[in-house]
Amino acid sequence: QVQLVESGGGLMQPGGSLRLSCAASGDILSIGTMAWYRQAPGKQRDLVADITSGGRTNYADSVKGRFTISRDNARNTVYLQMNSLNPEDTAVYYCKVDSVRRLRTWQFDVWGQGTQVTVSS
């Protein structure tokens with residue numbers, strides 16, 4: 001099975017920056033679209049940003065101009081650079097890939113375990 005492991009979350013003051021990483025491991029030949037979602041307490045899980053295998057990006061309106069998604073296909077890793085953080089960004093951040101081509105099969109809709117981001121003074 002392909003696994004996703006997120007890292008980089010933590011506590012940050014308003015106006016600060018954090019960089020999240022999500023590394024995929026397993027018998028991977030290629031990965032499709034990679035994305036970051038977030039879920040605040042009592043709210044639904046929402047898309048933050050995604051990036052296709054070709055590098056095309058898409059952002060939620062609430063993070064445009066502040067967050068940047070990128071990927072390193074050689075390392076099977078996706079990143080989320082988060083700048084100008086505010087308390088409304090507080091949530092558990094999840095990594096997701098829509099498809100993974102493996103040595104003998106495909107795997108779809110793979111989620112990481114999540115990493116907590118808290119923005120507070």
Side-chain angles (χ1 to χ4, degrees):
Q1 291 288 324
V2 171
Q3 292 187 326
L4 303 179
V5 179
E6 298 106 332
S7 60
L11 174 64
M12 178 56 61
Q13 292 185 339
S17 298
L18 283 174
R19 188 192 194 208
L20 305 183
S21 299
C22 171
S25 62
D27 55 336
I28 298 168
L29 294 180
S30 63
I31 299 176
T33 297
M34 306 181 82
W36 288 96
Y37 286 73
R38 66 185 181 187
Q39 187 168 21
K43 296 189 176 181
Q44 66 181 19
R45 190 175 298 187
D46 291 325
L47 176 69
V48 175
D50 61 29
I51 183 168
T52 68
S53 57
R56 188 172 69 246
T57 59
N58 173 56
Y59 295 93
D61 288 343
S62 60
V63 306
K64 282 181 181 177
R66 300 188 299 123
F67 291 9
T68 302
I69 189 170
S70 61
R71 63 189 286 171
D72 182 338
N73 290 331
R75 297 178 183 268
N76 294 323
T77 300
V78 62
Y79 305 96
L80 186 68
Q81 178 65 44
M82 305 186 294
N83 299 329
S84 301
L85 286 162
N86 60 60
E88 290 70 40
D89 297 316
T90 295
V92 178
Y93 284 70
Y94 296 90
C95 173
K96 175 186 178 256
V97 298
D98 69 346
S99 62
V100 181
R101 183 182 178 191
R102 300 172 56 189
L103 285 176
R104 293 182 176 82
T105 187
W106 288 79
Q107 194 168 339
F108 300 96
D109 294 334
V110 184
W111 289 88
Q113 82 287 352
T115 185
Q116 177 69 47
V117 172
T118 301
V119 184
S120 175
S121 56

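We find the NZ-CE distance between Lys96 and Met34 to be 11.5 Å, quoted to the nearest 0.5 Å. In this structure, CE on Met12 lies 11.5 Å from OG1 on Thr90, to the nearest 0.5 angstrom. Interatomic distance, SG of Cys22 versus CD of Glu6, reported as 5.0 Å (0.5 Å rounding). Separation of atoms CD (Gln13) and OG1 (Thr118) is listed at 13.0 Å; rounding is to 0.5 Å. For the atom pair OG (Ser53) and CZ (Arg101), the distance works out to 12.5 Å, reported to the nearest 0.5 Å.
Gln107 and Gln1 form a side-chain donor-acceptor contact under 3.5 Å, judged by distance and modelled atom types alone. In the model, Asp72 has no side-chain atom that pairs as donor or acceptor with a side-chain atom of Thr77 under 3.5 Å.
Trp36 and Phe67 have their aromatic ring centers separated by at least 6.0 angstrom.
With a 6.0 Å radius and a threshold of 12 heavy atoms from other residues, nucleotides or ligands, Gln81 has its CD atom above the threshold.
Remark: Asp89 engages Arg66 in a salt bridge, criterion side-chain N to carboxylate O under 4.0 Å.
Under the rule for a side chain to side chain contact (heavy atoms under 4.5 Å, CB included), the partners of Ser62 that lie at least two apart in sequence or sit in another chain are Arg38, Ala60.
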* Run the numbers on Ser17 and Asn83 for side-chain hydrogen bond (donor to acceptor under 3.5 Å, both in side chains), then give the verdict. => CA-CA 4 Å; Ser17 298; Asn83 299 329; 2.9 Å; yes
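Side-chain N or O atoms of Tyr59 include one that pairs as donor or acceptor with a backbone N or O of Ile69 at under 3.5 Å.
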